[in-house]
Amino acid sequence: KDGTWRPSGATNIYQYCEFLLRALKYSSVSNSDISDAPQRAHSVNLMSATDLVSLINAPFLRAHLVYLSYNALEVPDADSGILLHDRLISQGVFTEEAYHSAVDSVNSLPQA
């Protein structure tokens, strides 16, 4: 709560949703109230309403982090409206072919 970075500490749904919201420019570092981060993440389509309820009421697992990260790839950032995966492709993080190959290899998403 003191704002100190703790890389070996556990994270939770509120912290990770806020992290993604900031990466997508829907929130800023000056926002210290993250109590509604999952609801705001739902409002930008990072998760369904059903998953929102499930994720808030369950222990936050690595599978949930992957699920939210995967969904974030299809969310436009607040400034440009460019989907995250398109921005990452344009920055050379991965190629369009690699992106589509990875998406095609996903058999199912983890249950929240």
Side-chain angles (χ1 to χ4, degrees):
K1 291 196 176 203
D2 63 5
T4 304
W5 173 248
R6 293 183 181 90
S8 61
T11 191
N12 60 47
I13 184 68
Y14 300 92
Q15 294 165 332
Y16 196 66
C17 284
E18 184 64 23
F19 169 80
L20 290 173
L21 290 165
R22 289 178 187 181
L24 293 164
K25 302 176 183 162
Y26 288 98
S27 193
S28 69
V29 176
S30 62
N31 180 22
S32 60
D33 180 12
I34 64 171
S35 62
D36 65 343
Q39 291 81 3
R40 289 184 290 120
H42 164 64
S43 74
V44 300
N45 297 317
L46 281 169
M47 69 184 100
S48 70
T50 302
D51 290 342
L52 170 63
V53 173
S54 296
L55 289 169
I56 288 175
N57 293 311
F60 191 59
L61 306 174
R62 284 179 276 204
H64 299 140
L65 185 143
V66 170
Y67 164 75
L68 291 169
S69 300
Y70 181 86
N71 288 350
L73 292 169
E74 295 297 324
V75 174
D77 75 41
D79 288 347
S80 69
I82 297 172
L83 297 177
L84 179 58
H85 78 265
D86 286 332
R87 184 172 48 154
L88 295 172
I89 289 167
S90 72
Q91 294 172 346
V93 175
F94 45 76
T95 66
E96 186 167 354
E97 294 77 21
Y99 171 73
H100 289 292
S101 176
V103 168
D104 291 345
S105 72
V106 174
N107 294 325
S108 67
L109 292 176
Q111 297 299 310

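Cluster annotation: L61 is not connected to V106 through the hydrophobic network of ILVMFWY side chains, with a link wherever side-chain heavy atoms come within less than 4.5 Å. Note on I89 and V75: same hydrophobic cluster, where clusters join Ile, Leu, Val, Met, Phe, Trp and Tyr whose side-chain heavy atoms are under 4.5 Å apart, directly or indirectly.
For the side-chain contact (heavy atoms from CB on, under 4.5 Å) test, residues two or more places apart in sequence or in another chain that qualify with Q91 are R87, L88, V93. Judged as a side-chain contact (heavy atoms from CB on, under 4.5 Å), and not counting sequence neighbours, the contacts of D33 are N31, S35. When the ring pair (Phe, Tyr, Trp, His ring centres under 6.0 Å) test is applied to H85, the partners found at least two apart in sequence or on another chain are Y99. Checked against side-chain contact (heavy atoms from CB on, under 4.5 Å), A78 has the following partners two or more places apart in sequence or in another chain: K25, Y26. F19 is linked by a ring pair (Phe, Tyr, Trp, His ring centres under 6.0 Å) to Y16, counting only residues two or more places apart in sequence or in another chain. Qualifying side-chain contact (heavy atoms from CB on, under 4.5 Å) partners for S32, counting only residues two or more places apart in sequence or in other chains: none. Applying the side-chain hydrogen bond (donor to acceptor under 3.5 Å, both in side chains) test to S90 and every residue at least two apart in sequence or in another chain returns nothing. In this view, S43 satisfies the side-chain hydrogen bond (donor to acceptor under 3.5 Å, both in side chains) rule with no residue, not counting sequence neighbours. The salt bridge (charged side-chain N to carboxylate O under 4.0 Å, His left out) search around D36 returns R40, not counting sequence neighbours.
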Using the rule given for side chain to side chain contact (heavy atoms under 4.5 Å, CB included), can you reason through C17 versus L68, listing the C-alpha separation, both sets of side-chain angles and the distance that settles it, and then say yes or no? CA-CA 8 Å; C17 284; L68 291 169; 4.2 Å; yes

Assess the residue pair V44 and L21 against the criterion (side chain to side chain contact (heavy atoms under 4.5 Å, CB included)); give the C-alpha distance rounded to whole Å, side-chain angles, the decisive distance to 0.1 Å, and a yes or no. CA-CA 9 Å; V44 300; L21 290 165; 3.9 Å; yes

**OP:** Carefully, step by step, assess Q39 and I56 under the rule side chain to side chain contact (heavy atoms under 4.5 Å, CB included).
**Re:** CA-CA 10 Å; Q39 291 81 3; I56 288 175; 3.6 Å; yes

*Stepwise, does the side chain to side chain contact (heavy atoms under 4.5 Å, CB included) test hold for V66 with S69?*
CA-CA 5 Å; V66 170; S69 300; 5.6 Å; no

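With D86 contributing its side chain and I82 its backbone, the two residues share no donor-acceptor pair below 3.5 Å.
Counting only heavy atoms from C-beta outward, the side chains of L84 and L24 approach each other to under 4.5 Å.
The ring pair (Phe, Tyr, Trp, His ring centres under 6.0 Å) pairs that include a residue from residues 30-57 number zero, where partners must be two or more places apart or lie in different chains.
A donor-acceptor contact under 3.5 angstrom links the side chains of S30 and S28, judged on distance only. A side-chain donor from one of D77 and S80 sits under 3.5 Å from a side-chain acceptor of the other.
Rounded to the nearest 0.5 Å, atoms CG (N71) and CG (N45) are 9.0 Å apart. Here the OH atom belonging to Y67 is positioned 9.0 Å from the CG atom belonging to L46, to the nearest 0.5 angstrom.
In plain terms, the two heavy atoms of M47 and L55 that are nearest each other are SD-CD1, 3.7 Å.
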